[in-house]
Amino acid sequence: MRLDRIDSTQDEARRRLNETGDAILVVAATQMMGRGRQGREWAQPDRGMYASYCFLSDWAMRDRTLIPLVAAVAMRDAVCESFGVALGLRWPNDLMVDGDKVGGILVETSRDVVVVGCGVNLWWEKPMDGAASLLAGDPGSDPPPALAETWTERLITHLDRGRDQWPRAEYESASVTLGRDVFWDTGHGRATAIGRDGELIVDRDGELTCLRAGEVHTRDSLTRRARRATRGRTDG
């Protein structure tokens, strides 16, 4: 389903599935009330892809933490096929190019209903700090839905293989988190691997810690945050 303008593709996809019982992909040219992870404020580029795929899942609830990582790999495949751009993946589900974020995944579940949303900055003339876009110019209105359809096809293929065959090796090879020092609320260490269940495995001076959720930052991202905070105080 293609729409010109909508409050949230997540909400619309869920509503349509509840009405029909059938899986559905909702793609919008403009999204007015999108949701970011951790309740972040929604920012919109000049040309983006906003899509949500809603379906009934037979994956166990405990396994659904893998779905954001699977969706990120599927989008990486779709972007490479569509535009020849190689995305990096920042754990767990951010899409990156040259250290800047160009998109992200949001997964919401309720019983057997799963809604997988993805937003990608296709073109952004003046992106916000820490963000970027895939393309140097406006690609027009046709590429966003085509990209969304390719992404959904790849996502379905990966999900149909089951949780034991999720594309872990592909995720690790594209990771921009592994091999780097990472920081979170209660500690820091070096990210060394992605676990079987999608967790980030961190070496803390020889002791391995598994991070399953929450905010993880690299030194670069912390430096950017500090610079933004300094600018904010100066501007104020």
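FYI, the numbering just counts along the sequence from 1.
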Are the side chain of [X] and the backbone of [Y] linked by a donor-acceptor contact shorter than 3.5 Å?
{"X": "Asn93", "Y": "Ile105", "result": "yes"}
{"X": "Thr30", "Y": "Arg5", "result": "no"}
{"X": "Ser175", "Y": "Tyr171", "result": "no"}

request  = Mind jotting down which residue pairs meet the salt bridge (charged side-chain N to carboxylate O under 4.0 Å, His left out) criterion with at least one end in residues 161-170? Sequence neighbours excluded, please.
outcome  = Asp63-Arg163, Arg163-Asp197, Asp164-Arg196
task = Scan for salt bridge (charged side-chain N to carboxylate O under 4.0 Å, His left out) pairs involving residues 112-127, sequence neighbours excluded, and state none if there are none.
result = none
Quick one: hydrophobic cluster around [X], which other residues, with the 4.5 Å side-chain cut-off, linked directly or via members?
{"X": "Leu208", "value": "Ile201"}
{"X": "Ile6", "value": "Met1, Leu3, Ile24, Val26"}
{"X": "Trp124", "value": "Met128"}

Does any non-hydrogen side-chain atom of [Y] lie less than 4.5 Å from one of [X]?
{"X": "Val97", "Y": "Leu87", "value": "yes"}
{"X": "Leu95", "Y": "Cys118", "value": "yes"}
{"X": "Asp22", "Y": "Leu17", "value": "no"}
{"X": "Pro139", "Y": "Trp123", "value": "yes"}
{"X": "Leu159", "Y": "Phe55", "value": "yes"}
{"X": "Val107", "Y": "Arg64", "value": "no"}
{"X": "Val120", "Y": "Leu134", "value": "yes"}
{"X": "Leu147", "Y": "Phe83", "value": "yes"}

Does one hydrophobic cluster hold both [X] and [Y], with members joined at side-chain heavy-atom distances below 4.5 Å?
{"X": "Tyr53", "Y": "Ile67", "value": "yes"}
{"X": "Leu155", "Y": "Met49", "value": "yes"}
{"X": "Val27", "Y": "Val116", "value": "yes"}

Out of curiosity, [X] [atom1] to [Y] [atom2], how far, rounded to the nearest 0.5 Å?
{"X": "Arg2", "Y": "Leu25", "atom1": "CZ", "atom2": "CG", "value": "9.5 Å"}
{"X": "Thr65", "Y": "Arg62", "atom1": "OG1", "atom2": "CZ", "value": "10.5 Å"}
{"X": "Cys54", "Y": "Arg15", "atom1": "SG", "atom2": "CZ", "value": "11.5 Å"}

Heavy atoms only: give me the nearest [X]-[Y] pair and the separation to one decimal.
{"X": "Gln10", "Y": "Ser52", "result": "OE1-OG, 2.6 Å"}
{"X": "Pro143", "Y": "Gly140", "result": "CD-O, 3.6 Å"}
{"X": "Leu66", "Y": "Gly198", "result": "CD2-N, 3.4 Å"}
{"X": "Ser82", "Y": "Thr150", "result": "OG-OG1, 4.4 Å"}
{"X": "Asn121", "Y": "Pro45", "result": "OD1-CG, 3.4 Å"}

ask   = Residues in salt bridge (Lys or Arg N to Asp or Glu O under 4.0 Å) with Arg204, at least two apart?
value = none
message = Using the rule given for side-chain contact (heavy atoms from CB on, under 4.5 Å), can you reason through Asp46 versus Leu122, listing the C-alpha separation, both sets of side-chain angles and the distance that settles it, and then say yes or no?
response = CA-CA 8 Å; Asp46 297 306; Leu122 295 182; over 6 Å; no
task = Could you walk me through whether Ile194 and Leu69 pass the side-chain contact (heavy atoms from CB on, under 4.5 Å) test, one step at a time?
result = CA-CA 10 Å; Ile194 302 296; Leu69 284 73; 4.1 Å; yes
Can you name the side-chain hydrogen bond (donor to acceptor under 3.5 Å, both in side chains) partners of [X], sequence neighbours left out?
{"X": "Glu207", "value": "none"}
{"X": "Arg76", "value": "none"}
{"X": "Asp181", "value": "Arg190"}
{"X": "Glu81", "value": "Arg154"}

request  = Verify side-chain contact (heavy atoms from CB on, under 4.5 Å) between Leu135 and Arg47, making sure each step is shown before the conclusion.
outcome  = CA-CA 10 Å; Leu135 306 174; Arg47 178 78 68 182; over 6 Å; no
request  = Evaluate whether atom CG of Asp4 has more than 12 neighbouring non-hydrogen atoms of other residues, nucleotides or ligands under 6.0 angstrom away.
outcome  = no
query = Could you go step by step and tell me if Val176 and Leu89 meet the side-chain contact (heavy atoms from CB on, under 4.5 Å) rule?
reply = CA-CA 6 Å; Val176 298; Leu89 304 180; over 6 Å; no
query = For residues 186-213, which residue pairs qualify under ring pair (Phe, Tyr, Trp, His ring centres under 6.0 Å), counting only residues two or more places apart or in two chains?
reply = Phe183-His188
query = Quick one: ring pair (Phe, Tyr, Trp, His ring centres under 6.0 Å) pairs with a partner in residues 130-157, sequence neighbours left out?
reply = none
query = For residues Gln31 and Thr9, is any side-chain donor paired with an opposing acceptor at under 3.5 Å?
reply = yes
